**Q** 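One structure, pasted below without further comment.
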Amino acid sequence: MGVFSFFHELKTNVSPKRMFKALITDNHDVLPKVSPSIKSVETIGDGGVGSIKLTNFSDGYMKNRVDFLDAENYVSKFTLVEGDAIDDKVEKVCYEMKFEDSKDGGCVIKITSDYYTKGDAVLKEEDVKAGQDRAIGLYKACADYLVANPHICA
């Protein structure tokens, strides 16, 4: 098994608290409104550590297990354990997201992704980048939605 790590930062003009709520704790309410490809986000469990977040897309699904959740410091760790992004090369993907204050009142989202491959499989960077670009697009759309709707996740 190999591990391939990637890091990305995204700056938004929305506070860490609101972005954390929209993307992590209240994603079942927010994400289907932000992206027409997301049909639903279901939480199996109480939403805390050990819970499963099942995201249903128009063309597939993914299951993430919540591994760590710190709502006071806006940090979340979760593992993609099943879904369309898991193929014959990937066993699982572990994510860490930190939402930090930026100097201008918005936030910086710091995202670390660790891809665990099966056997001696090698990932193509362009395939990983395509998935990351879709996620970043969703995060930007979420920030735009929160700016347009200041009462959401307030």
Side-chain angles (χ1 to χ4, degrees), residues 1 3-10 12-100 106-118 123 127-154:
M1 173 187 337
V3 180
F4 298 85
S5 296
F6 300 90
F7 179 78
H8 191 83
E9 269 188 17
L10 172 67
T12 73
N13 53 354
V14 178
S15 73
K17 176 184 176 183
R18 290 185 70 211
M19 285 301 295
F20 183 85
K21 286 179 75 172
L23 291 174
I24 306 299
T25 59
D26 294 355
N27 57 4
H28 58 281
D29 288 329
V30 176
L31 295 185
K33 296 172 184 165
V34 170
S35 173
S37 69
I38 297 177
K39 300 303 177 195
S40 66
V41 179
E42 302 170 38
T43 301
I44 302 164
D46 64 4
V49 173
S51 296
I52 298 292
K53 296 276 189 157
L54 172 62
T55 305
N56 295 296
F57 299 96
S58 54
D59 61 350
Y61 78 102
M62 69 179 180
K63 282 185 180 179
N64 285 297
R65 180 187 65 234
V66 179
D67 298 322
F68 179 81
L69 192 61
D70 183 346
E72 290 182 25
N73 294 302
Y74 313 120
V75 178
S76 176
K77 294 180 183 180
F78 51 96
T79 300
L80 175 62
V81 294
E82 186 179 317
D84 301 309
I86 302 287
D87 59 17
D88 59 340
K89 292 181 182 179
V90 178
E91 178 182 320
K92 64 182 176 180
V93 184
C94 297
Y95 300 94
E96 179 177 9
M97 295 181 71
K98 295 180 181 181
F99 300 77
E100 299 178 353
C107 81
V108 177
I109 306 171
K110 296 181 177 182
I111 307 151
T112 303
S113 308
D114 295 325
Y115 289 74
Y116 291 79
T117 58
K118 295 177 181 176
L123 297 178
D127 292 341
V128 172
K129 184 166 175 18
Q132 288 180 325
D133 288 347
R134 283 191 300 275
I136 295 301
L138 176 65
Y139 303 158
K140 288 179 180 178
C142 186
D144 291 344
Y145 176 76
L146 293 175
V147 167
N149 298 279
H151 62 286
I152 302 291
C153 297

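Heavy atoms only: backbone and side chains are in, while hydrogens, waters and symmetry mates are out. Just so it is clear, the structure is predicted and the values come from calculations on it, not from any experiment.
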**Q** Rounded to the nearest 0.5 Å, what separates atom CD1 in Ile38 from atom NZ in Lys33?
**A** 13.0 Å

**Q** For the residue pair Leu69 and Gly47, what are the closest heavy atoms and their distance?
**A** CD2-O, 3.6 Å

**Q** Given side chains that start at C-beta, do those of Thr79 and Asn64 come closer than 4.5 Å, heavy atoms only?
**A** no

**Q** Working to the nearest 0.5 angstrom, can you tell me the gap between Lys63 NZ and Ile86 CD1?
**A** 12.0 Å

**Q** Got Ile52 and Thr43 here, is their nearest side-chain heavy-atom distance under 4.5 Å?
**A** no

**Q** Has Asn149 got a side-chain atom pairing as donor or acceptor with His151's backbone, closer than 3.5 angstrom?
**A** no

**Q** Is the side chain of Asp26 donor-acceptor paired with the backbone N or O of Asp29 at a distance under 3.5 Å, no angle test?
**A** no

**Q** To check you understand the geometry: which heavy-atom pair defines the closest contact between Ser113 and Gln132, and what is its length?
**A** OG-NE2, 4.0 Å

**Q** Could you measure the distance from the CZ atom of Phe99 to the CZ atom of Arg18? Nearest 0.5 Å is fine.
**A** 13.0 Å

**Q** Indicate yes or no for a side-chain donor-acceptor contact from Asp84 to the backbone of Tyr61 under 3.5 Å, with no hydrogens or angles considered.
**A** yes

**Q** Mind listing the closest non-hydrogen atom pair of Lys39 and Pro32 along with its distance?
**A** O-CB, 4.2 Å

**Q** Regarding Lys53 and Glu42, does a basic nitrogen lie under 4.0 Å from an acidic carboxylate oxygen?
**A** no

**Q** Indicate the atoms forming the closest heavy-atom contact of Cys142 with Ala22, along with that distance.
**A** SG-CB, 3.5 Å

**Q** If you measure from the Lys or Arg side-chain nitrogens to the Asp or Glu carboxylate oxygens, is any gap between Asp133 and Lys129 under 4.0 Å?
**A** yes

**Q** Please determine, by modelled atom types, if Ser51 and Asp46 share a side-chain donor-acceptor pair under 3.5 angstrom.
**A** yes

**Q** Suppose we call two aromatic rings close when their centres sit under 6.0 Å apart. Are Tyr115 and Phe6 close by that rule?
**A** yes

**Q** Over all heavy atoms of both residues, which pair between Asp88 and Lys118 is shortest? Give the atoms and the distance, please.
**A** O-CD, 3.4 Å

**Q** What distance separates Leu10 CG from Ile136 CD1, expressed to the nearest 0.5 Å?
**A** 5.0 Å

